[in-house]
Peer 1: 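My questions will all concern the structure given below.
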Amino acid sequence: MKYIVILGDGMADEPQEALDGRTPLEAAVTPAMDELAKTGEIGLVKTIPDGMAPGSDTANLAVLGYNPREYYTGRSPLEALSIGVPMKDTDVAMRCNLVTLTEKEPYEQKRILDHSSGEISTEDAAVLLKAVQDELENETYQFYVGTSYRHCMIQANAVIRIRQSDETDGSGDAGTGAVRIDTALENLTPPHDHLTEVIGPYLPADETLLAMQKRSYEILVNHPINLERKAKGLNPANSCWFWGAGTKPMVDSFEKKNGVKGTMISAVDLLKGIAIGAEMQVVQVPGANGGLHTNYEGKAQAAVDALLKDGVDYVYVHLEAPDEMGHQGSLERKLQAIENLDQRIIRIVKEQMDASGEPYRMLVMPDHPTPIRIRTHTADPIPYLLYDSTKPLYSGNEAAQDISGMVGTNGPTADENKNAAVETGDTNVSRIYCERTAKESGIFRPEGYKLIDVLLES
């Protein structure tokens, strides 16, 4: 048996008035997912533990089977693994976004226009980061180029203390080598959470970091690359923004933990970093860039090759585009990203796996919602679709249950769907993969990190 996870980052959303009350996932034209849904299990799963920030870091750890409460040490350290940043136990890694701020006001009164600087290319971003690095880097603060707008800064000797194994963290649980960092670093704010807002309340409390952000704006605002971008009508990358601080990660081996050999396919340093920490194989797909116009077919083929040619048991295909379009607040582009995922990844993988005769199970899901209305993440439960090529997991005869109140209502009720099925004789009426059918299924898994056991049938 082969195991496939196809994850559309941020794909879940809310009902849209422009879509007659449907969500983007429900309204998008997705024949491949609809076909899987006819016999697949659809349900809700909670990937973000209560009290933890809703992010791709915690959520993807959960989907991969790692309890975020045990394994999460911060977002940026996982990205640092991906780009080969050496970290000591006393270092703290931070995400260094290149963002677009308004330019007329004093720094504290500026607004965040774009957390991704128009999805700037890695090549242009590297030049801009080099200008910052030349002036601001020292023995304490060091900068490393990542992908597109996503980069890394390491602060040396930022750990306050390492908790000993016989101490407790206040919850009554013994410590396991966990570390503590300054509150000012822990509370750094993600820029995508406050798009269009005045930045003053969200600036770093740490005076040195604040001074570095301000100085980065002075360095970048009139840089030739940014002047050229503005002349072309593109968003300039005119400031650094620090967030996602954390300490050196320790993730158990995926193969030793689950008994299967795994491969990660993603354009995003965060996912590649998790995979490296978990000792999974990482496949670099040419042209995969984390944006809407990525190499979808290349990712699909890389997944099939890993499973059928390289002896891999489990492959995780991550697509960032739905999340980015949610952050941009673009309904049209989010629909396009979902449809691209369906036809240019899922369809291709399914057709080639079916043709091979190799039995497989495929899990399709987002990691978290990124609602267009708020342009950032939420911790709401998300819909998943599990398909088994060897047997139906849904026969069309199960009684849908109404679990209103768990998530927002959308579309026909469970009773309306059952009545429609009786009248038409079609037990698969409205049986598509989306938030509504997940809600109606009555299946709710509150511990998302255990979903991998369902996939692996363990």
Side-chain angles (χ1 to χ4, degrees), residues 2-12 25 33 36 40-50 52-72 75 78-79 82 249 251-255 257-260 262-282 299 303 312-323 341 345-346 349 360-370 377-387 433 435 438 443-458:
K2 300 293 185 179
Y3 304 96
I4 307 162
V5 177
I6 299 183
L7 190 136
D9 201 300
M11 186 163 58
L25 188 56
M33 284 189 269
L36 297 176
E41 174 183 301
I42 298 175
L44 287 170
V45 60
K46 185 176 177 60
T47 56
I48 309 294
D50 290 338
M52 297 192 76
S56 295
D57 40 19
T58 49
N60 280 278
L61 278 171
V63 177
L64 281 158
Y66 297 94
N67 185 346
R69 293 197 186 281
E70 296 179 16
Y71 290 95
Y72 183 65
R75 178 182 183 119
L78 295 167
E79 297 171 328
S82 173
V251 181
D252 293 337
S253 164
F254 182 85
E255 185 171 0
K257 181 175 178 293
N258 298 295
V260 292
T263 289
M264 173 65 68
I265 300 171
S266 176
V268 177
D269 288 332
L270 169 64
L271 274 295
K272 291 186 283 189
I274 294 175
I276 290 170
E279 299 176 3
M280 296 172 69
Q281 176 185 355
V282 176
K299 286 188 171 186
V312 169
D313 309 302
Y314 171 105
V315 67
Y316 195 103
V317 184
H318 172 265
L319 182 71
E320 179 74 359
D323 183 64
L341 175 70
I345 295 182
I346 296 174
V349 172
Y360 66 95
R361 301 190 109 206
M362 182 185 294
L363 178 64
V364 178
M365 62 187 295
D367 49 353
H368 53 68
T370 306
H377 307 157
T378 70
D380 295 332
I382 48 92
Y384 72 88
L385 165 61
L386 177 61
Y387 172 81
Y433 164 60
E435 294 85 351
I443 300 173
F444 176 57
R445 303 185 184 279
E447 297 176 305
Y449 65 93
K450 294 183 179 180
L451 184 60
I452 192 171
D453 295 331
V454 180
L455 172 66
L456 300 180
E457 300 180 287
S458 57

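Starting from 1, each residue takes its place in the sequence as its number.
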Peer 1: Could you go step by step and tell me if L363 and L451 meet the side-chain contact (heavy atoms from CB on, under 4.5 Å) rule?
Peer 2: CA-CA 10 Å; L363 178 64; L451 184 60; 3.9 Å; yes
Peer 1: Answer yes or no: is there a side-chain heavy-atom contact under 4.5 Å between V5 and Y314?
Peer 2: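 Yes; the side chains approach each other to less than 4.5 Å.
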Peer 1: Would you say I346 and L36 make side-chain contact, with heavy atoms under 4.5 Å?
Peer 2: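 Yes, at least one pair of side-chain atoms sits under 4.5 Å.
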Peer 1: Specify the closest pair of heavy atoms between D57 and L270, including all atoms of both residues, with the distance to one decimal.
Peer 2: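 Nearest heavy atoms, D57 then L270: N-CD2, 3.6 Å.
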Peer 1: Which distance, rounded to the nearest 0.5 Å, do you find between the OH of Y433 and the CD1 of I42?
Peer 2: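 These two atoms lie 8.5 Å from each other.
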Peer 1: What heavy-atom pair brings L78 and P249 nearest, and what distance separates the two atoms?
Peer 2: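 Reported closest heavy-atom pair: CD2-CB, 3.9 Å.
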Peer 1: Out of curiosity, E70 CD to L61 CG, how far, rounded to the nearest 0.5 Å?
Peer 2: 11.0 Å
Peer 1: Let me know which of L25, D380, I382 forms a side-chain contact (heavy atoms from CB on, under 4.5 Å) with E435.
Peer 2: L25
Peer 1: Quick check against the 3.5 Å criterion: does T58 have a side-chain atom that pairs as donor or acceptor with the backbone of A53?
Peer 2: yes
Peer 1: Give me the atom names and distance for the closest heavy-atom approach of K46 to A379.
Peer 2: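 Answer, listing the atom of K46 first, then A379: NZ-O, 3.7 Å.
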Peer 1: Under a 3.5 Å distance rule, please check whether K299 uses its side chain to pair with a backbone N or O of H318 as donor and acceptor.
Peer 2: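 Looks like yes, one N/O pair under 3.5 Å.
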Peer 1: Would you mind reporting whether E255 and E279 have side-chain heavy atoms less than 4.5 Å apart?
Peer 2: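 Not touching, per the 4.5 Å side-chain cut-off.
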Peer 1: What I'd like to find out is whether the side chain of Y66 reaches to under 4.5 Å of the side chain of N60, using heavy atoms alone.
Peer 2: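 Side chain of Y66 against side chain of N60, heavy atoms only: no contact under 4.5 Å found.
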Peer 1: Return the minimal non-hydrogen interatomic distance between S266 and K272, and the atom names on each side.
Peer 2: O-CD, 3.6 Å
Peer 1: Heavy atoms, side chains only, cut-off 4.5 Å: are H368 and T370 in contact?
Peer 2: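 Yes, close enough: below the 4.5 Å cut-off.
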Peer 1: Looking just at side-chain N and O atoms, do S56 and D367 make a donor-acceptor pair shorter than 3.5 Å?
Peer 2: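 Yes, because at least one side-chain N or O of S56 sits under 3.5 Å from a partner of the opposite role on D367.
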Peer 1: Are Y71 and Y449 near enough that their ring centres are under 6.0 Å apart?
Peer 2: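 Centroid separation for Y71 and Y449: 6.0 Å or greater.
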Peer 1: Does D9 use its side chain to pair, donor to acceptor, with the backbone of P366 at less than 3.5 Å?
Peer 2: no
Peer 1: M365 vs L385, test: side-chain contact (heavy atoms from CB on, under 4.5 Å). Steps then yes/no.
Peer 2: CA-CA 6 Å; M365 62 187 295; L385 165 61; over 6 Å; no
Peer 1: Among I265, I274, L64, T263, exactly one meets side-chain contact (heavy atoms from CB on, under 4.5 Å) together with Y316. Which residue is that?
Peer 2: L64
Peer 1: Is a donor on one side and an acceptor on the other found under 3.5 Å between the side chain of R361 and the backbone of V454?
Peer 2: yes
Peer 1: Could you grab the distance from atom CD1 of I276 to atom CD of Q281, nearest 0.5 Å is fine?
Peer 2: 11.5 Å
Peer 1: Any donor and acceptor pair, going by atom type alone, linking the side chain of Y387 with main-chain N or O of V364 inside 3.5 Å?
Peer 2: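 Absent.
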Peer 1: Closer than 3.5 angstrom, by distance alone: can the side chain of K450 be matched with the main-chain N or O of N67 as a donor-acceptor pair?
Peer 2: no
Peer 1: Would the distance check show the side chain of Y72 and the main-chain N or O of R75 forming a donor-acceptor pair, the cut-off being under 3.5 Å?
Peer 2: yes
Peer 1: Would you name the heavy atoms of A438 and P383 that are closest together and state the gap between them?
Peer 2: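 Of all heavy-atom pairs spanning A438 and P383, the closest is CB-CB, 3.5 Å.
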Peer 1: Does any non-hydrogen side-chain atom of I48 lie less than 4.5 Å from one of H377?
Peer 2: no
Peer 1: Give me the atom names and distance for the closest heavy-atom approach of V63 to T47.
Peer 2: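 Where V63 meets T47 most closely, the heavy atoms are CG2-CG2, 4.1 Å.
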Peer 1: Could you walk me through whether R69 and D50 pass the side-chain contact (heavy atoms from CB on, under 4.5 Å) check?
Peer 2: CA-CA 10 Å; R69 293 197 186 281; D50 290 338; 4.0 Å; yes
Peer 1: Verify whether one side chain among E41 and Y384 offers a donor that lies under 3.5 Å from an acceptor in the other.
Peer 2: yes
